[in-house]
Number of protein chains: 2
Amino acid sequence: MLSKKAKYALQALLILAKEYEQGPILISNLAQRERIPRKFLELILLELKKHGILQSKKGKGGGYFLGKSPNAIYLGHVIRILDGPLAPLPCVSQTAYMKCEECQDEKTCGIRMVMKEVRDATARILDSTSLADMLKRVERLTKQQTTAPPHRR
Amino acid sequence: MLSKKAKYALQALLILAKEYEQGPILISNLAQRERIPRKFLELILLELKKHGILQSKKGKGGGYFLGKSPNAIYLGHVIRILDGPLAPLPCVSQTAYMKCEECQDEKTCGIRMVMKEVRDATARILDSTSLADMLKRVERLTKQQTTAPPHRR
DNA sequence: AATGTACTCTATCAATTTGATAGACTTAAT
DNA sequence: ATTAAGTCTATCAAATTGATAGAGTACATT
């Protein structure tokens, strides 16, 4: 399950990506637009800043902006920062591997085999999808919706 | 993340599958062999029984056994029983859909699109892998290991 | 019918995680 | 100096997770 933290993060990042290069955006602005508790969002953005996803400027005229281009920020990275490893079991995590206690032989553990598949499938998607990719998909669909003839399914 | 509950369940089921048609197995036997707290395992098995995955017999000579053939029990089913929906967000769950509050337009939500992909990839794996499949894979690898020439990587 | 075995059910609990809030502090622009 | 805005640390309540306890019920055997 994606935590609220990670979900809020993605919501905020999506706005920051959409308005990339239009100068810093205020926390409170982001919080209002996405209906996120403001103080809670602060913590999230701070964490993202620590990991280079965001940069910020203090004082008047300050705010947050992306630390790198929207096509260089991958969902996998963001989610790992806020929710930890993508893997369903620590013993199949690439970024935070940990041996299962009491697993006699990791190589022949059936549960592990399947969970590794799940981890790989998840990572394949989230580590290849950037904020820019998401935006593109949203725009394509939004345009389609307004352009499409009525009464379609 | 897979909970301990679900992991314990799969461990126990794997044994019950391996020894399918050899009569009921005691909770305490399963608990010992997999080093699972016995009372905790009771709850898990009971839950699986409620959902038809297991059957049981009380009294002397009793114990638990699979409610259907190992090739008809899918990991997706087991995990959903113990951990709830596979989907990272309720709004992309097939089995427990719930609208996000405050999502203006579900159809054009970028986060949702990607999470739907993740859910589908996960479900594709877990809903197509049965206990029998897992067993087969384990056996294949176990045999390989003992048969393979030494000093290989 | 009595006994013992083994699953069943309900309650409870401690620890952890999650989502959220509060307030003092620092930096920068005017 | 003043005001705007991010930073940092602490704290909290609620929910979830992992686990334990004990009384109850069904069944087989003698």
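Residue numbering restarts at 1 for every chain, and letters A, B, ... go by the order of the sequence lines.
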Please list, in 5' to 3' order, the outermost nucleotides of DNA chain C lying under 4.0 Å from any heavy atom of chain A.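 So the contact region on DNA chain C extends C/dG19 to C/dA29.
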
By nearest-nucleotide position on DNA chain C, the 5'-leaning member of B/Ile27 and A/Tyr8 is B/Ile27

With DNA chain C as reference, determine whether A/Lys57 or A/Ser3 sits nearer its 5' end, using the nearest nucleotide of each.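 Result: A/Ser3.
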
Residues, nucleotides or ligands: over 12 heavy atoms within 6.0 Å of A/Lys68 NZ: yes

Check: A/Met115 and B/Leu126 side chains under 4.5 Å, non-hydrogen atoms: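 B/Leu126 reaches A/Met115 side chain to side chain.
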
Would you say the side chain of A/Leu30 lies within less than 4.5 Å of the side chain of A/Leu16, judging by non-hydrogen atoms? yes

What residues from residues 31-45 of chain B pass a heavy-atom cutoff of under 4.0 Å to DNA chain D?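 Close to the strand are B/Pro37, B/Lys39, B/Phe40, B/Leu43.
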
DNA chain D contacts among residues 61-69 of chain A, heavy-atom distance under 4.0 Å: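 The answer is A/Gly63, A/Tyr64.
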
Between [X] ([atom1]) and [N] ([atom2]), how many Å, whole number?
X	N	atom1	atom2	value
B/Lys7	D/dT17	NZ	P	16 Å
A/Met1	D/dA15	CE	P	15 Å
A/Glu47	D/dT7	CD	P	12 Å

Under 4.0 Å between a side-chain nitrogen and a carboxylate oxygen: does that hold for B/Glu106 and B/Lys99? no

Can B/Arg137 and B/Asp133 be counted as an ion pair, charged N to O under 4.0 angstrom?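 Answer for the salt bridge query: no.
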
For the backbone of A/Ile125 and the side chain of A/Ser128, can you confirm whether one donor and one acceptor N or O come within less than 3.5 Å of each other?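 Such a contact is found between A/Ser128 side chain and A/Ile125 backbone.
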
Working for side chain to side chain contact (heavy atoms under 4.5 Å, CB included), residues A/Thr95 and A/Leu86: CA-CA 9 Å; A/Thr95 60; A/Leu86 303 181; over 6 Å; no

Do any side-chain nitrogens or oxygens of A/Ser56 fall under 4.0 Å of OP1 or OP2 in D/dT7? yes

Check for me, please, whether [X] and [Y] land in the same ILVMFWY cluster - side-chain distances under 4.5 Å, paths through other members count.
X	Y	value
A/Ile79	A/Leu135	yes
B/Met134	B/Ile81	yes
A/Leu46	A/Ile27	yes

Would you say the side chains of A/Ser3 and A/Asp83 form a donor-acceptor pair under 3.5 Å? yes

